[in-house]
Amino acid sequence: MTGEEFKQQFLPFSRSMYGAALRLTRNAQEAEDAVQDAYLKLWTKRDALPDMDNTEAYCVTLTRNICHDRQRRKRIDIANGQNDCVQISSRTNIEAETEHKNHADIMRRCIDRLPERQQQIVTMRDVEGLTYDEISRSTGMAMTNIRVTLKRARNKLREQFNAIRNYDRKGY
């Protein structure tokens with residue numbers, strides 16, 4: 001496989017791969033590193049790769065596995081006391097990070113409560129950053145249906161998110 005063939009076959013899936021890695025790592029730099037490692041692995045094994053029905057699924061799965069391996073390695077390093085890098089953040093940074101993580105957790109719970117089709121569309125568009133064309137090809141839905149589904153899902157998410165945040169603020 002030539003470099004040009006490789007680019008044509010695998011580069012179109014970088015956004016999906018990055019989205020999957022970002023969901024797992026919750027860190028943009030780590031997600032980029034995982035995608036880069038996936039491309040490196042694909043490149044080194046390019047001639048031994050099997051014929052695939054769904055190349056995108058293969059690439060995303062490879063990226064997820066790389067993320068899981070990195071997380072596993074990290075846990076082992078920490079358990080063995082090999083975590084030399086310790087960062088101490090200021091109180092405000094910790095509070096802001098904690099609030100951001102809480103909001104992200106709330107949003108994940110809200111997305112999980114959506115009907116399956118809405119979950120799928122919101123994840124593809126807002127988490128993975130796919131275009132409407134890419135979503136349409138992947139789901140077989142018309143663009144207008146995707147837009148309507150996305151609008152309804154976002155409205156429902158906004159409602160649920162605000163209800164949970166308001167409930168938490170009251171301290172119940």
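This chain uses plain numbering: 1 for the first residue, then up along the sequence.
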Exercise. With R23, which residues qualify under salt bridge (charged side-chain N to carboxylate O under 4.0 Å, His left out), at least two apart?
Worked result: E128
For this session: Give, for atom CD1 of I106 and atom CG of L157, the distance between the pair rounded to the nearest 0.5 Å.
Result: 12.5 Å
For this session: Indicate, with yes or no, if V35 and L11 share a hydrophobic cluster defined by side-chain heavy-atom contacts under 4.5 Å among Ile, Leu, Val, Met, Phe, Trp and Tyr.
Result: yes
Exercise. Can you name the nearest heavy-atom pair linking V122 to A153, along with the distance?
Worked result: CG2-CB, 3.3 Å
For this session: Give a yes or no on this: more than 12 heavy atoms of other residues, nucleotides or ligands lie within 6.0 Å of atom CD of Q36.
Result: no
Exercise. Should V127 and Y18 be regarded as members of a common hydrophobic cluster, given that ILVMFWY residues are connected when their side-chain heavy atoms come within less than 4.5 Å of each other, either directly or indirectly?
Worked result: no
Problem set entry | Same apolar cluster: V60 and L40, side chain cutoff 4.5 Å | no
Problem set entry | E134 CD to E56 CD distance, which is reported to the nearest 0.5 Å | 7.5 Å
Exercise. With a cut-off of 6.0 Å (strictly less than), are more than 12 heavy atoms of other residues, nucleotides or ligands near CZ of R70?
Worked result: yes
Exercise. Does I121 belong to the same Ile/Leu/Val/Met/Phe/Trp/Tyr cluster as Y132, with side-chain heavy atoms less than 4.5 Å apart forming each link?
Worked result: yes
Problem set entry | Heavy-atom closest contact (K156 atom, P115 atom, distance) | NZ-CD, 4.0 Å
Exercise. Which atom names give the shortest non-hydrogen contact between L114 and Q119, and what distance separates them?
Worked result: O-NE2, 2.9 Å
Problem set entry | N-O pairing of D69 and R72 below 4.0 Å | yes
Exercise. Can you name the residues that form a side chain to side chain contact (heavy atoms under 4.5 Å, CB included) with T2, not counting sequence neighbours?
Worked result: E4, E5
For this session: Check T63 against M17 and note the closest heavy-atom contact, atom names and distance.
Result: OG1-CE, 3.3 Å
Exercise. In Å and rounded to the nearest 0.5 Å, what is the CG to OG distance from D133 to S138?
Worked result: 12.0 Å
For this session: Spell out, yes or no, whether M143 and L130 are grouped together once hydrophobic residues are joined by side-chain heavy atoms under 4.5 Å, including indirect joins.
Result: yes
For this session: Identify the two heavy atoms, one from M141 and one from T149, that lie closest to each other, and give their separation to 0.1 Å.
Result: CE-OG1, 3.6 Å
Exercise. Can you name the nearest heavy-atom pair linking Q71 to L24, along with the distance?
Worked result: NE2-O, 2.9 Å
Exercise. Residues in side chain to side chain donor-acceptor pair (under 3.5 Å) with N155, at least two apart?
Worked result: R158
Problem set entry | Qualifying ring-ring contact (aromatic ring centres under 6.0 Å, His included) pairs with a residue from residues 36-64, counting only residues at least two apart or across chains | F6-W43
Seminar exercise, completed: Hits for side chain to side chain contact (heavy atoms under 4.5 Å, CB included) against Q120, two or more places apart or cross-chain, chain-then-number order -> R117, M124, T139
For this session: Any chance you could lay out the side-chain contact (heavy atoms from CB on, under 4.5 Å) test for F10 and L49, step after step, and finish with the verdict?
Result: CA-CA 12 Å; F10 294 107; L49 290 174; 3.5 Å; yes
Problem set entry | Residue pairs passing the ring-ring contact (aromatic ring centres under 6.0 Å, His included) test where at least one lies in residues 140-164, sequence neighbours excluded | H103-F161
Seminar exercise, completed: Rounded to the nearest 0.5 Å, the CZ atom of R147 sits from the CG atom of N145 at a distance of 11.0 Å
For this session: Check K101, R109, R108 against D105 for a side-chain hydrogen bond (donor to acceptor under 3.5 Å, both in side chains) and give me the one that passes.
Result: R108
For this session: Evaluate the criterion side-chain contact (heavy atoms from CB on, under 4.5 Å) for residue pair R154 and R125; output intermediate values, then yes/no.
Result: CA-CA 11 Å; R154 286 175 176 165; R125 179 70 181 153; 3.8 Å; yes
Problem set entry | Nearest-0.5 Å distance, CG of residue D126 to CD1 of residue I111 | 7.5 Å
Exercise. Could you state the interatomic distance from CZ (R113) to CD1 (I164), rounded to the nearest 0.5 Å?
Worked result: 4.0 Å
